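Heavy atoms only: backbone and side chains are in, while hydrogens, waters and symmetry mates are out. Start at 1 and go down the list; that is how both ligands and their atoms are numbered. Just so you know, residue 1 is the first one in the sequence shown, and it goes up from there. Only a predicted model underlies this, so the values are computations on that prediction, with no experimental measurement involved.
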Amino acid sequence: MTTKMQRNNNRVVLTAPLDGNPRPEDFKTISEPIPEPADGEMLIRHIYLSLDPYQRSMIAGRHGAVRPMGEGDMPNGEIVGQVAQSRHPSFAEGDYVRHFGGWQKYSVSDGTQTFPVDPEQAPLSAYVGVLGMPGLTAYASMIELAEVEAGQTVLVSAAHGPVGSMVGQIAMQQGATAIGMAGSDEKCQLVVNDLGFSACINYKNKRYPGSLEDALPNGADIYHDNVGGDMLAEALSVLKNYGTVILCGLISHYNDPSKAVGLNLTTVILKRAVLKGLVVYDFEDRRQNFFNMVAPWIKDGTVKYLEDRVDGLEHTGIQFARLMSGQNVGKALVVIGPESL
Ligand SMILES: NC(=O)c1ccc[n+]([C@@H]2O[C@H](COP(=O)([O-])OP(=O)(O)OC[C@H]3O[C@@H](n4cnc5c(N)ncnc54)[C@H](OP(=O)(O)O)[C@@H]3O)[C@@H](O)[C@H]2O)c1
């Protein structure tokens, strides 16, 4: 396998600190020698790079970063890859793994936070999508925090994305009804026709928010919020009294946190609403339970998912700009290399 390896490692770095919506020209690809694994380390060839909304906050220095990133800095990101060279006792060449390898073609790991993945149990890309962190987020929301029950109605924003699509489908598997919100007719059609939601409201068309009330004549028991801002306010208006809101994401603010709007607490009081904040890292010890529940549904096709792929590491900046302007349809991924050489 090492003989077929490319000689250079390409990395995607920032051309300048980000300001507002990311643009493709904010990123460039640089080339440097492939790192050599030392004793106890392994070299990993990246196959799929996960692009996630939190990476915008990380670049700005607001998410687990010590400072805002600037020119020449490479964002981190979770990848699925294959061990290309191993000097690690527990990993062999050819093993598939997921780890935080960053926006590049190769990375070296000492095994810390590097986990084996099995292509027989699920498609490799799913390990950073619906079976990875975003899927665990949906599981934490529906099973652990909202404790969704049969007969309830669940409303979720960004319903085509990896978190939203799994929130709705996990809820449906518990006997609940899933209603989505998404930003285009195309997205809404996929949410209903491919993912099986009962309805989906295109919040950008003129009928919104009237159509939200049409879709939820009796209101929602649970609202899972991926977006914040105006959509959170609108969703609250259709929440049943004593309903639950899972506060998961604020993507409408990530490019410009100064635009954050406050919640109308009068509505919260009048609805007697329960608001719960979700941080997925709190649920890492539940990852195996989540996997055991969801992986069979993925394998037998009970649960579906959408992916938005681009080919080639050099297109990472374009794909990230698409994700952060709402142009992705499904899980945003970069295909960096073939699944096997
Ligand atoms: N709390 C946690 O631990 C945790 C963990 C994972 C993810 N999250 C959050 O969950 C949310 C969903 O994540 P995901 O991975 O499933 O990604 P995603 O849904 O693919 O996120 C992108 C989508 O967000 C929607 N969106 C709404 N307003 C937007 C705006 N102003 N700018 C850009 N996009 C906008 C767009 O869909 P529409 O056009 O359909 O609106 C867009 O396609 C994100 O907010 C993320 O940060 C939180």
Polar contact flag, side-chain donor to acceptor under 3.5 angstrom, Gln319-Asp308 | yes
Any idea which atoms of ligand 1 are less than 4.0 Å away from a heavy-atom of Ala182?
-> 40 (O)
Any donor and acceptor pair, going by atom type alone, linking the side chain of Gln121 with main-chain N or O of Asp118 inside 3.5 Å?
-> no
Any N/O of Ser184 closer than 3.5 Å to an N/O of ligand 1?
-> no
Which residue owns the protein heavy atom closest to atom 36 (C) of ligand 1, what's the atom, and how far is it?
-> Gly326 CA, 3.8 Å
Any donor-acceptor N or O pair under 3.5 Å, side chains Tyr223, Ser157 | yes
Decide yes or no for Ile298 and Leu131: does some side-chain heavy atom of the first lie under 4.5 Å from some side-chain heavy atom of the second?
-> yes
Look only at interatomic distance and state if Pro53 has a nitrogen or oxygen under 3.5 Å from any nitrogen or oxygen of ligand 1.
-> no
Check: Tyr203 N/O within less than 3.5 Å of ligand 1 N/O | yes
Judged by modelled atom types alone, do His99 and Ser107 share a side-chain donor-acceptor pair under 3.5 Å?
-> yes
How far is atom 37 (O) of ligand 1 from its nearest protein heavy atom, and which residue and atom is that?
-> His160 NE2, 3.0 Å
Please determine, by modelled atom types, if Ser198 and Thr177 share a side-chain donor-acceptor pair under 3.5 angstrom.
-> no
Take every heavy atom of Met133, measure it against each atom of ligand 1, and state whether any distance is under 4.0 Å.
-> yes
Distance-only polar pair, side chains of Asp26 and Thr15, donor-acceptor under 3.5 Å = no
Looking only at distances, please establish whether an N/O atom of ligand 1 is found under 3.5 Å from an N/O atom of Ser252.
-> no
In this structure, atom 48 (C) of ligand 1 is nearest to the protein heavy atom Cys248 O, 3.1 Å
For ligand 1, is there an N or O atom under 3.5 Å from any N or O atom of Val280?
-> yes
If we only count N/O pairs under 3.5 Å, is Lys187 in contact with ligand 1?
-> yes
Compute the shortest N/O to N/O distance between Gly249 and ligand 1 and return yes if it is under 3.5 Å, no if not.
-> no
Between the CG atom in Asp225 and the CG atom in Leu250, the distance rounded to the nearest 0.5 Å is 7.0 Å
Distance-only side-chain donor-acceptor flag, Glu307 / Ser125, under 3.5 Å = yes
Indicate yes or no: does an N/O atom of Ser325 lie under 3.5 Å from an N/O atom of ligand 1?
-> no
So, the side chain of Arg45 versus the backbone of Leu43: is there a donor-acceptor pair under 3.5 Å, distance only?
-> no
For Gly183, the atoms of ligand 1 under 4.0 Å from one of its heavy atoms are 38 (P), 39 (O), 40 (O), 41 (O)
Any idea which of Pro162, Gly161, Ala158 brings a heavy atom closest to atom 14 (P) of ligand 1?
-> Pro162
Any N/O of Tyr254 closer than 3.5 Å to an N/O of ligand 1?
-> yes
Candidate pair Asp185 and Gln189, rule side chain to side chain donor-acceptor pair (under 3.5 Å), full reasoning = CA-CA 6 Å; Asp185 288 345; Gln189 277 158 16; 5.7 Å; no
Which is closest to atom 7 (C) of ligand 1 in terms of heavy atoms, Val163, Val191, Leu136, Asp256?
-> Val163
Does Leu250 come within less than 4.0 Å of ligand 1, judged by its heavy atoms?
-> yes
Could Asp39 and Arg87 be called an ion pair, given the rule that one side-chain N must be under 4.0 Å from one carboxylate O?
-> yes
Would you mind listing which atoms of ligand 1 come within a distance below 4.0 Å of any non-hydrogen atom of Leu278?
-> 1 (N), 2 (C), 3 (O)
Numbered atoms of ligand 1 (with element) below 4.0 Å of Val279, judged on heavy atoms = 3 (O)
Closest by any non-hydrogen atom to atom 24 (O) of ligand 1: pick that one out of Ile251, Thr137, Asp230, Leu323.
-> Ile251
What residue and atom, counting heavy atoms only, is the protein's closest point to atom 11 (C) of ligand 1, and at what distance?
-> Asn226 OD1, 3.4 Å
Counting from 1, what ligand 1 atoms have a heavy atom of Met324 closer than 4.0 Å?
-> 32 (N), 33 (C)
For Tyr48 and Glu339, does a side-chain donor sit closer than 3.5 Å to a side-chain acceptor?
-> yes
Gap between atom CG of Leu236 and atom CG of Leu155 - 0.5 Å precision | 10.0 Å
Above 12 or not: heavy atoms from other molecules or residues under 6.0 Å from CG of Asp110?
-> yes
Where is the nearest protein heavy atom to atom 23 (C) of ligand 1: which residue, which atom, and how far?
-> Asn328 OD1, 3.9 Å
Please confirm whether Val227 comes within less than 3.5 Å of ligand 1 when only nitrogen or oxygen atoms on both sides are compared.
-> no
